[in-house]
Enquirer: 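Encoded as structure tokens, here's the structure I'll be asking about.
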Amino acid sequence: MEPSLQKPTMSCDSGLVERNIAGADPEGMWDSGAVDPAEEEGRTFMQVLSEKYSPENFPYRRWPGMGVVVVPTLPQGSPMKDRLNLPSVLVLAGCGISHAGEQREIAAFCAHVMELDLSHNKLQDWHEISKIVSNIPNLDFLNLSSNPLSEVVLEPSGAKAFARVRRLVLNNTQVSWNTVLVLTREMPELEELFLCLNEYTTVSACTVPCPTLRLLHITDNNLQDWAEVRKIGPMFPGLETLVMANCNLSSIQDSEDMLRRLFPNLRSINLHNSGLNRWEDIEKLNQFPKLEDVRLQGIPLLQTYTNTERRSLMVAHLPSVSSLNGSVVTDGEREDSERFFIRYHVDYPEEELPYRYHCLVTKYGKLEPLAEIDLRPRCHAKVEVHCEDKVEEVSIRLDQTVAELKKQLRTVVQLSANQMRLYYIDKESVFGPEEMKYHTRALHSYSIQDGDELLVVPKAGRGTTTTVKPLSNLNSKTLTPPP
């Protein structure tokens, strides 16, 4: 008798699906798409769906978002189960899927499905993908990442199946740019498109724009030439967010007028780890009329600056940007950065001053360098130690206590700590010596400065008086030691 296995369970919350398989799948039935060796050629979408979301593997949950019990009407003798517990978000990543399966069954079970993750499968035929998508009428999000689609041609008739999809992920599929254009022409509601890790070096120009697209992720490609990036503007005229991190873009080459017309609605751009190495390229970002969020870390231009210099110079160069590298730019920070920018360039030759410098001088005037003030607390002071007729200059630590100072002075005045009375004399004070009688008080609380004086008086016998002789022209004071 085979040992019983606790099957993986699924939970769905706020549109996210998580697999709970810790200790529940010893044979790796669902992990990383492991499949039976007899099925190495691939499995159908409906086979995987039926197995994963059967009542045995995926029990029905009653709370909101956990799924729907689907009891379809199927032809007599259908091999499909008579019911499946399907959430509206299906995750079938890494399950070895290569074909759609029976379309009637897809339509019967998936009418309510809104999000579908088919990443890391074996789908390499757009016709099979179209069969799946065309039978899920409410599909809003589709993830096809890491399916081998580099050599596959998509016909316009097949692309019509994607008409209702608003968010499409094609990361690491090596799908051709021509295929992207075929898709965007047939997707009138497309808002978000992910094309990362597809090894693009060029972009094909389009004749039919996609005005609905708001977000384009094209990270980790090799678009070094601005002439290729320029083609994206007319293709997606409504684009608001462009993520082009790790694309090695070397410069921004268009004129100011061209840049204003190229991305008229762009609000956010991410150029992390690009190849930009001139401040002129940064200034050109100001020509995008609605740009307010810029992310620019890891570029060659900024490598020689400190963290403070990087941010201040960037903020000063981008007067309309309200968020830089994920942090809000406040009005106070902007003014500080612009003033820093003027002072930073104050010693530059006239011919090397950037255009932005002259703009800011018009606003603030020419600013003198700030005085360098060391606000760190003092750690040491050199004082004169007076004991009877002996005077010696001693360096003392200001982070120690009065008791510790007395121990330090034992070798100077040849008295034990309990045989001395210690006075602090501030040379600029009119109040005379101050006895340092609290052993645990820290020396820095006396505000001791270089050149001040310490007076050590040997303790006299009980009932006698001790006269503190004037030091530094201070009035004498007669002290009576305590009994």
Side-chain angles (χ1 to χ4, degrees), residues 32-33 91 93-94 117-124 126 129 141-152 154 165-184 187 190-206 210 213-233 235-236 239-253 262-263 266-277 281-282 285 288 291 293-303 314 323-326:
S32 302
V91 178
D117 183 354
L118 292 174
S119 59
H120 297 275
N121 278 292
K122 298 181 179 181
L123 292 164
Q124 52 187 336
W126 281 109
I129 298 171
F141 170 84
L142 176 62
N143 185 359
L144 294 173
S145 296
S146 300
N147 280 282
L149 298 172
S150 59
E151 305 295 331
V152 192
L154 173 62
V165 175
R166 293 190 307 112
R167 296 173 292 157
L168 179 61
V169 185
L170 296 171
N171 296 338
N172 194 33
T173 57
Q174 279 69 54
V175 62
S176 72
W177 199 267
N178 287 334
T179 298
V180 172
L181 296 181
V182 171
L183 283 166
T184 56
M187 300 178 70
L190 184 63
E191 295 182 6
E192 299 180 6
L193 180 60
F194 296 77
L195 299 172
C196 308
L197 294 162
N198 282 335
E199 302 180 3
Y200 296 132
T201 57
T202 61
V203 172
S204 301
C206 76
C210 177
L213 195 75
R214 299 289 180 264
L215 170 67
L216 176 63
H217 270 259
I218 197 165
T219 295
D220 288 294
N221 285 285
N222 197 26
L223 298 172
Q224 300 184 39
D225 193 341
W226 180 256
E228 301 303 322
V229 180
R230 181 191 299 129
K231 301 172 187 176
I232 295 175
M235 190 181 307
F236 306 119
L239 193 65
E240 296 179 358
T241 301
L242 176 60
V243 183
M244 277 189 56
N246 308 326
C247 279
N248 300 317
L249 179 67
S250 58
S251 65
I252 300 175
Q253 298 168 340
L262 198 58
F263 292 102
L266 192 67
R267 296 183 180 275
S268 176
I269 190 168
N270 184 331
L271 295 172
H272 282 339
N273 300 317
S274 62
L276 299 180
N277 58 12
D281 293 321
I282 308 304
L285 296 176
F288 299 140
L291 189 66
D293 176 32
V294 171
R295 296 172 185 258
L296 263 174
Q297 291 181 321
I299 63 174
L301 172 65
L302 302 178
Q303 288 180 356
M314 288 286 290
S323 177
L324 177 63
N325 295 328

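In this chain, residues are counted from 1 in sequence order.
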Enquirer: If you define the side chain from C-beta out and look only at heavy atoms, does anything of Tyr200 sit under 4.5 Å from Val180?
Expert: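 In short, these two side chains touch, coming nearer than 4.5 Å.
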Enquirer: Closer than 3.5 angstrom, by distance alone: can the side chain of Asp117 be matched with the main-chain N or O of Ala93 as a donor-acceptor pair?
Expert: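 Such a contact is absent between Asp117 side chain and Ala93 backbone.
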Enquirer: Say whether, by atom type as modelled, one donor and one acceptor occur between the side chain of Asn147 and the main chain of Leu149 under 3.5 angstrom.
Expert: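 The answer is no, because no donor-acceptor pair under 3.5 Å joins these two groups.
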Enquirer: Do you know which of Asn171, Asn198, Asn246 makes side chain to side chain donor-acceptor pair (under 3.5 Å) with Asp220?
Expert: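 The side chain to side chain donor-acceptor pair (under 3.5 Å) with Asp220 is passed solely by Asn246 among Asn171, Asn198, Asn246.
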Enquirer: Just so I know, are the side chains of Leu291 and Phe263 near enough to count as touching, which here means a heavy-atom distance under 4.5 Å?
Expert: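 They are not in side-chain contact.
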Enquirer: Could you check Leu262 against Arg230 for side chain to side chain contact (heavy atoms under 4.5 Å, CB included), going step by step and ending with a plain yes or no?
Expert: CA-CA 7 Å; Leu262 198 58; Arg230 181 191 299 129; 3.7 Å; yes
Enquirer: Using the side chain to side chain contact (heavy atoms under 4.5 Å, CB included) definition, which of the options Leu195, Leu190, Leu213 pairs with Leu168?
Expert: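 Testing Leu168 for a side chain to side chain contact (heavy atoms under 4.5 Å, CB included) against Leu195, Leu190, Leu213 leaves exactly one candidate, Leu190.
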Enquirer: Side chains of Ser176 and Asn178 only: does a donor on one sit below 3.5 Å from an acceptor on the other?
Expert: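 Absent: no donor and acceptor within the cut-off.
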Enquirer: Mind checking the OG-CG spacing from Ser268 to Leu239? Nearest 0.5 Å is all I need.
Expert: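 Between Ser268 OG and Leu239 CG, I get 9.5 Å after rounding to 0.5 Å.
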Enquirer: Would you mind listing every salt bridge (Lys or Arg N to Asp or Glu O under 4.0 Å) that reaches into residues 193-203, with sequence neighbours excluded?
Expert: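 Pairs touching residues 193-203 that pass the test: none.
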Enquirer: What pair of heavy atoms forms the shortest contact from Met187 to Cys210, and how long is it?
Expert: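 In terms of heavy atoms, the two residues are closest at O-SG, 4.4 Å.
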Enquirer: Hey, mind stepping through Ile282 and Ile299 against side chain to side chain contact (heavy atoms under 4.5 Å, CB included) and telling me if it holds?
Expert: CA-CA 11 Å; Ile282 308 304; Ile299 63 174; 4.2 Å; yes
Enquirer: So, do Asp225 and Gln253 sit near enough that their side-chain heavy atoms are less than 4.5 Å apart?
Expert: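 Side chain of Asp225 against side chain of Gln253, heavy atoms only: contact under 4.5 Å found.
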Enquirer: Can you name the closest pair of heavy atoms from Val229 and Met244 and give their distance?
Expert: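 Closest heavy-atom pair between Val229 and Met244: CG2-CE, 3.6 Å.
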Enquirer: How close do Ser204 and Met235 get, counting heavy atoms only, and between which atoms?
Expert: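 Shortest heavy-atom separation between Ser204 and Met235 comes out as O-CE, 3.3 Å.
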Enquirer: Could you tell me which non-hydrogen atom of Val182 sits nearest to which non-hydrogen atom of Leu154, and how far apart they are?
Expert: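 Looking at all heavy atoms of both residues, the shortest contact is CG1-O, 3.7 Å.
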Enquirer: Rounded to the nearest 0.5 Å, what separation is found between the CD1 atom of Ile218 and the CZ atom of Phe194?
Expert: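 Separation between the atoms: 12.5 Å.
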Enquirer: For Ser250 and Gln224, indicate whether the former's side chain and the latter's backbone hold a donor-acceptor pair under 3.5 Å.
Expert: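 Confirmed, Ser250 side chain pairs with Gln224 backbone.
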Enquirer: Quick check for you: to the nearest 0.5 Å, what is the distance between Thr201 atom OG1 and Leu223 atom CG?
Expert: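 If I round to the nearest 0.5 Å, the distance is 7.5 Å.
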Enquirer: If we only count heavy atoms from C-beta on, is the Leu285 to Ile252 side-chain gap below 4.5 Å?
Expert: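 Leu285 vs Ile252: side chains touch.
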Enquirer: Quick check: closest heavy atoms across Pro148 and Gln124, and the distance to 0.1 Å?
Expert: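 Minimum heavy-atom contact is O-CB, 3.2 Å.
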Enquirer: Measure the spacing between CG of Asn248 and OG of Ser274 and express it to the nearest 0.5 Å.
Expert: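 It comes to 8.5 Å.
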Enquirer: Within the structure provided, determine whether Leu170 and Thr179 are in side-chain contact (heavy-atom separation under 4.5 Å).
Expert: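 No. Closest side-chain heavy atoms not under 4.5 Å.
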Enquirer: Within this structure, what is the CG-CZ distance for the pair Leu215 and Arg166, rounded to the nearest 0.5 Å?
Expert: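 The CG atom of Leu215 sits 12.0 Å away from the CZ atom of Arg166.
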Enquirer: Let's go through Ser145 and Asn172 carefully: what are the C-alpha distance in whole Å and the side-chain angles of both, what is the deciding distance for side chain to side chain donor-acceptor pair (under 3.5 Å) to 0.1 Å, and is it a yes or a no?
Expert: CA-CA 6 Å; Ser145 296; Asn172 194 33; over 6 Å; no
Enquirer: May I ask you to say whether Glu191 pairs ionically with Arg214, meaning some side-chain N is under 4.0 Å from a carboxylate O?
Expert: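 Salt bridge absent between Glu191 and Arg214.
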Enquirer: At what distance, to the nearest 0.5 angstrom, does OG of Ser119 lie from CG of Leu144?
Expert: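 Result: 8.5 Å between the selected atoms.
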Enquirer: Should Leu276 and Leu301 count as side-chain neighbours, where that means a heavy-atom distance under 4.5 Å?
Expert: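 No, their side chains stay 4.5 Å or more apart.
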Enquirer: Please give me the minimum heavy-atom distance between Gln297 and His272, naming the atom from each residue.
Expert: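 Here Gln297 and His272 meet closest at N-ND1, 2.9 Å.
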Enquirer: Without swapping roles, check the side chain of Gln174 against the backbone of Leu197 for a donor-acceptor pair under 3.5 Å.
Expert: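 Yes, Gln174 side chain to Leu197 backbone: donor-acceptor pair under 3.5 Å.
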